[in-house]
There are 2 protein chains.
Amino acid sequence: MAYQEIFTALADPTRRHIFETLRSEPKTVSELAKLQPVSRPAVSQHLKVLQQANLVDVEARGTKRLYSINWAGLRELREYLDSFWNDALSAYQAEIERRMKTN
Amino acid sequence: MAYQEIFTALADPTRRHIFETLRSEPKTVSELAKLQPVSRPAVSQHLKVLQQANLVDVEARGTKRLYSINWAGLRELREYLDSFWNDALSAYQAEIERRMKTN
DNA sequence: GCTTACCGTAAGTCATGGCTTACCAAGAGA
DNA sequence: TCTCTTGGTAAGCCATGACTTACGGTAAGC
């Protein structure tokens, strides 16, 4: 059920770019905002959505907030995809077999 | 670049449900519409988005259209995710090593 | 202590997109 | 041929959400 939030979070281009930027190393809000074509509050709002989807983590560093990737969300998305893939594949194979028998 | 359309397509709950319904077997538009709380035209519109994202395929069967899963989109999403995962992981490991040396 | 940097939240605006009804085209079946 | 089924598209409505500016609160640094 939680992958709903994950897909929603990654659907917005700006938000996905922010997420992708964190791939190399943790960054503060200001650092992230400099790399994006939107204002700092907008980045904050995006980070909130990403955090609720378990895609990023925060760590307080004085007044700074260091955002980093949260593996939980990534893992969940991966498992959803693998599960879907396997289901579809076995259904497909069953269909093939069914056709083999009827021929 | 195309995974943008994939994430967008899967972000909408109704649209994702339609996609998931096709996992077990191909279905027509009317069949899909019966399983959803929205009108048939709405389903058609969702299917268009899914098709443009390479997530579903269509096959004409008289006036009927048989929609099925397109593996291209699924594969692309999987590769994006794997690539992201690997990038983040190696960055994380590099960070660990860096800390080991400085300590 | 006083100022500055950092960042989250509130309020308000505006575009996007998901939904509906209405319509039209094309094949099925009698 | 005539009717019914199937489904794609257009137009219009409306909610959602992405963005901005304004504000407040907290730690840093001089």
Side-chain angles (χ1 to χ4, degrees), chain A residues 1-22 25-70 73 77, chain B residues 1-22 25-70 73 77:
Chain A
M1 282 306 211
Y3 42 78
Q4 173 57 51
E5 291 170 289
I6 296 179
F7 279 123
T8 303
L10 296 178
D12 182 78
T14 304
R15 199 154 49 216
R16 211 187 57 252
H17 289 150
I18 292 173
F19 182 59
E20 289 170 350
T21 302
L22 291 175
E25 57 178 354
K27 289 183 175 61
T28 66
V29 179
S30 299
E31 286 171 344
L32 289 168
K34 275 180 205 141
L35 302 172
Q36 301 298 329
V38 296
S39 69
R40 183 194 52 73
V43 173
S44 265
Q45 289 162 12
H46 282 310
L47 286 168
K48 188 179 184 180
V49 174
L50 288 170
Q51 191 179 358
Q52 285 169 344
N54 277 328
L55 286 169
V56 301
D57 260 340
V58 211
E59 192 183 343
R61 282 271 209 280
T63 63
K64 300 185 180 180
R65 306 290 143 132
L66 200 59
Y67 281 87
S68 59
I69 287 183
N70 183 350
L77 181 55
Chain B
M1 282 305 214
Y3 42 77
Q4 173 57 52
E5 291 170 289
I6 296 179
F7 279 123
T8 302
L10 296 178
D12 182 79
T14 305
R15 199 154 49 215
R16 212 188 54 254
H17 288 151
I18 292 173
F19 181 59
E20 288 171 349
T21 302
L22 291 175
E25 56 178 353
K27 290 183 175 60
T28 66
V29 178
S30 299
E31 286 171 346
L32 288 168
K34 275 181 207 142
L35 301 172
Q36 300 299 328
V38 297
S39 70
R40 183 193 52 72
V43 173
S44 265
Q45 289 162 12
H46 282 310
L47 286 168
K48 188 179 184 180
V49 175
L50 287 170
Q51 191 180 358
Q52 285 170 345
N54 277 328
L55 285 169
V56 301
D57 261 339
V58 211
E59 192 183 344
R61 283 267 209 280
T63 64
K64 300 185 179 180
R65 307 288 144 131
L66 200 59
Y67 280 88
S68 59
I69 287 182
N70 183 351
L77 180 55

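Just so we're on the same page: letters track the sequence lines, and every chain starts at 1.
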Has [X] got a side-chain N or O lying under 4.0 Å from the OP1 or OP2 atom of [N]?
X	N	answer
A:Tyr67	C:dC6	no
A:Arg15	D:dA18	yes
B:Ser44	D:dG8	yes
A:His46	D:dC19	yes
A:Ser39	D:dT20	yes

Euclidean distance, atom [atom1] of residue [X] to atom [atom2] of [N] [Å, nearest integer]:
X	N	atom1	atom2	result
B:Leu50	D:dG7	CG	P	16 Å
B:Arg65	C:dA26	CZ	P	11 Å
A:Ile18	D:dA18	CD1	P	11 Å
A:Gln36	D:dT20	CD	C1'	16 Å
B:His17	C:dG18	NE2	C1'	15 Å
B:Asp12	D:dT16	CG	P	13 Å
A:Arg61	D:dG29	CZ	P	14 Å
B:Leu66	C:dG27	CG	C1'	16 Å

What I'd like to find out is whether the side chain of [X] reaches to under 4.5 Å of the side chain of [Y], using heavy atoms alone.
X	Y	value
B:Leu66	B:Thr28	yes
A:Lys48	A:Gln45	no
B:Leu77	B:Leu10	yes

inquiry  = When both hydrogen-bonding distances must be under 3.5 Å and the geometry is Watson-Crick or G-U wobble, what is D:dC30 paired with, if anything?
reply    =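 Pairing partner, where one exists within any strand: C:dG1.
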ask   = Considering only heavy atoms and no angle criterion, is a donor-acceptor pair shorter than 3.5 Å present between the side chain of B:Glu31 and the base of D:dT6?
value =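 Side chain to base: no pair below 3.5 Å.
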query = Are the side chain of A:Gln4 and the backbone of B:Ala11 linked by a donor-acceptor contact shorter than 3.5 Å?
reply = yes
key: Whether A:Arg15 side chain and A:Ala9 backbone form a donor-acceptor pair below 3.5 Å   =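 Yes; at least one donor-acceptor contact below 3.5 Å.
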ask   = If you round to the nearest 0.5 Å, how far is CZ of B:Arg65 from OG of B:Ser44?
value = 9.5 Å
remark   = Testing C:dT20, D:dA27, C:dC7 for proximity to the side chain of A:Thr63, the answer is D:dA27
task = Side chain of B:Gln45 only, please: which of C:dG8, D:dA11, D:dT20 is the nearest?
result =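 Selected nucleotide: D:dA11.
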request  = Tell me what A:Arg40 touches on the nucleic acid: a base, only sugar-phosphate, or nothing, going by heavy atoms under 4.0 Å.
outcome  =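 Contact class for A:Arg40: base.
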ask   = Which part of the nucleic acid, if any, lies within contact of A:Ser30, taking any heavy atom under 4.0 Å across all strands shown: a base, the sugar-phosphate backbone alone, or nothing?
value = sugar-phosphate
task = Name the residue closer to the 5' end of DNA chain D, choosing between A:Pro37 and A:Gly62 according to the nucleotide with the nearest heavy atom.
result =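 Comparing both residues, the 5'-ward one is A:Pro37.
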inquiry  = Which is more 5' along DNA chain D, the nucleotide nearest A:Thr14 or the one nearest B:Val43? Just name the residue.
reply    = B:Val43
